[in-house]
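In what follows, a structure is listed as structure tokens, so that the remarks can point back to it.
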Amino acid sequence: MKNINITRKITQGMYVLTTKNGGCIVDAVSQISSSNNPLISVAVMKRNYTNELLKVNDRFAISVLGKDVNPKIIKTFGFNSSRDINKFDKTETIKIEDIDVIKNSLGYMICEIVDKIENDTHTLFIGKIIEADIFEDTEPMSYGYYQEHKDELLKVTTEKGKTAWICTVCGYIYYGEELPEDFKCPLCGVGREFFKKKE
């Protein structure tokens, strides 16, 4: 038996990664060196538009989310693509080093990309911290906390009278009586078995 939910016990946090023209929710962020300019790594899914943006930009910001973060931030940056909407339109941000940082966060790190490592599903971007600050010294949201409280945080609402299939991993909603056999979530890439029907 392979229970991959054990990965939720890894002490990952919840963050908004932003760069010029877009951003997304990430959880795989680590400090990998210590100095006056520590190195930070972040894994970004290859199918994510933010991954494309990071290939043409030389900097990114990591905003650390707290437990009391406005859930709209998670919905905006986690369930939409920057290909389709300007995620900054409805989110209060502060410009630092010409990058949008989430105002409703515990703080931020601005990183200059120094390396990229490719694997089959993600790119690991490694950045050197060039600017950082703490806005609020309270408890950060962990990935485990997010998974345990996802339903109440996201409160997915669907259109009345339509059959909806909701991705239990990321919250994407597909409307239709049945899901196609080969359907994969366009946001997180999981198969139809991860979708729950809501009428």
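- We find the CD1-CG distance between Ile130 and Asn36 to be 14.0 Å, quoted to the nearest 0.5 Å.
- Cluster membership for Tyr143 and Ile74, using ILVMFWY side-chain heavy atoms within less than 4.5 angstrom, is shared.
- Under the 4.5 Å side-chain criterion, counting only non-hydrogen atoms from C-beta, Gln12 is not in contact with Val29.
- A cation-pi contact links Lys162 to Tyr175, judged by a cut-off of 6.0 Å to the six-membered ring centre and 45° from its axis.
- The two atoms that bring Thr123 and Lys116 nearest to each other are CG2-CB, 4.2 Å, heavy atoms only.
- In terms of hydrophobic clustering, with Ile, Leu, Val, Met, Phe, Trp and Tyr side chains grouped at heavy-atom distances under 4.5 Å, Met14 and Val64 are assigned to different clusters.
- In terms of modelled atom types and a separation under 3.5 Å, the side chain of Thr19 and the main chain of Phe60 share no donor-acceptor contact.
- Checking side-chain atoms of Ser105 against main-chain N and O of Ile102 turns up a donor-acceptor pair under 3.5 Å.
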Inset, instruction - Would you please test Asp133 and Tyr108 for side-chain contact (heavy atoms from CB on, under 4.5 Å) and show each step? - result: CA-CA 6 Å; Asp133 203 0; Tyr108 68 89; 3.5 Å; yes
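- No option in Phe194, Phe183, Phe195 other than Phe183 meets the ring pair (Phe, Tyr, Trp, His ring centres under 6.0 Å) test with Tyr174.
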Inset, instruction - Run the numbers on Leu106 and Asp137 for side-chain contact (heavy atoms from CB on, under 4.5 Å), then give the verdict. - result: CA-CA 7 Å; Leu106 303 188; Asp137 196 11; over 6 Å; no
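- Between the OH atom in Tyr146 and the CE atom in Met141 there is a gap of 9.0 Å [rounded to 0.5 Å].
- Taking OG1 from Thr50 and CZ from Arg83, the interatomic distance works out to 9.0 Å, rounded to the nearest 0.5 Å.
- Between Tyr15 and Ile25, every side-chain heavy-atom pair lies at or beyond the 4.5 Å cut-off.
- A donor-acceptor pair under 3.5 Å is absent between the side-chain atoms of Ser63 and the main chain of Val101, judged by distance alone.
- Between Lys196 and Trp165 there is no side-chain heavy-atom pair separated by less than 4.5 Å.
- Ile85 CD1: more than 12 foreign heavy atoms inside a 6.0 Å radius.
- Open room surrounds NZ on Lys90; 12 or fewer heavy atoms of other groups in view lie less than 6.0 Å from it.
- Looking only at side-chain heavy atoms (C-beta outward), Leu53 and Asn51 stay at 4.5 Å or farther from each other.
- Between Leu65 and Pro140, the closest side-chain pair of non-hydrogen atoms is not below 4.5 Å.
- Heavy atoms only, all atoms of each residue included: His122 and Met45 are closest at CD2-N, 3.3 Å.
- Between the side chains of Asp100 and Thr18, not a single donor N or O lies within less than 3.5 Å of an accepting N or O.
- Heavy-atom minimum distance, Ser81 versus Tyr49: OG-CB, 3.9 Å.
- When all heavy atoms of Phe88 and Gly22 are compared, the closest pair comes out as CZ-O, 3.5 Å.
- Considering CD1 of Ile166 and SG of Cys185, their distance stands at 12.0 Å, rounded to 0.5 Å.
- Although no hydrogens or angles enter the test, the distance criterion places no donor-acceptor pair under 3.5 Å between the side chain of Asn57 and the main chain of Arg59.
- Under the 4.0 Å criterion applied to side-chain N and carboxylate O atoms, Glu118 and Lys46 are assigned as salt-bridge partners.
- For the pair Glu131 and Met109, the minimum side-chain heavy-atom distance is 4.5 Å or more.
- Formation of a donor-acceptor pair under 3.5 Å by the Lys20 side chain with backbone atoms of Leu54 is not found in this model.
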Inset, instruction - Verify side-chain contact (heavy atoms from CB on, under 4.5 Å) between Phe135 and Asn104, making sure each step is shown before the conclusion. - result: CA-CA 9 Å; Phe135 295 147; Asn104 179 215; over 6 Å; no
Inset, instruction - Starting from the C-alpha separation in whole Å, work towards a yes-or-no answer on side-chain contact (heavy atoms from CB on, under 4.5 Å) for Val42 and Val44. - result: CA-CA 6 Å; Val42 56; Val44 183; 4.3 Å; yes
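- Here the closest non-hydrogen pair linking Leu39 and Ser33 is N-OG, 2.9 Å.
- For Lys55, the NZ atom counts as densely surrounded, since its 6.0 Å shell holds more than 12 non-hydrogen atoms of other residues, nucleotides or ligands.
- A donor-acceptor pair is defined here as one N or O able to donate and one able to accept, closer than 3.5 Å; such a pair exists between the side chain of Asn37 and the backbone of Ile129.
- The shortest distance between side-chain heavy atoms of Ile117 and Ile126 falls below 4.5 Å.
- Between Thr91 and Phe77 there is a side-chain heavy-atom pair separated by less than 4.5 Å.
- To the nearest 0.5 angstrom, Thr121 atom OG1 is 4.5 Å from Asn119 atom CG.
- Between Cys111 atom SG and Leu17 atom CG the span is 8.5 Å, to the nearest 0.5 Å.
- Residue Lys87 forms a side chain to side chain contact (heavy atoms under 4.5 Å, CB included) with just one option from Asn21, Asn80, Val16, and that option is Asn80.
- Pairing each heavy atom of Ile110 with each of Ala61, the nearest pair is CD1-CB, 3.6 Å.
- Glu97 places no side-chain N or O within 3.5 Å of a backbone atom of Ile99 that could act as its donor or acceptor partner.
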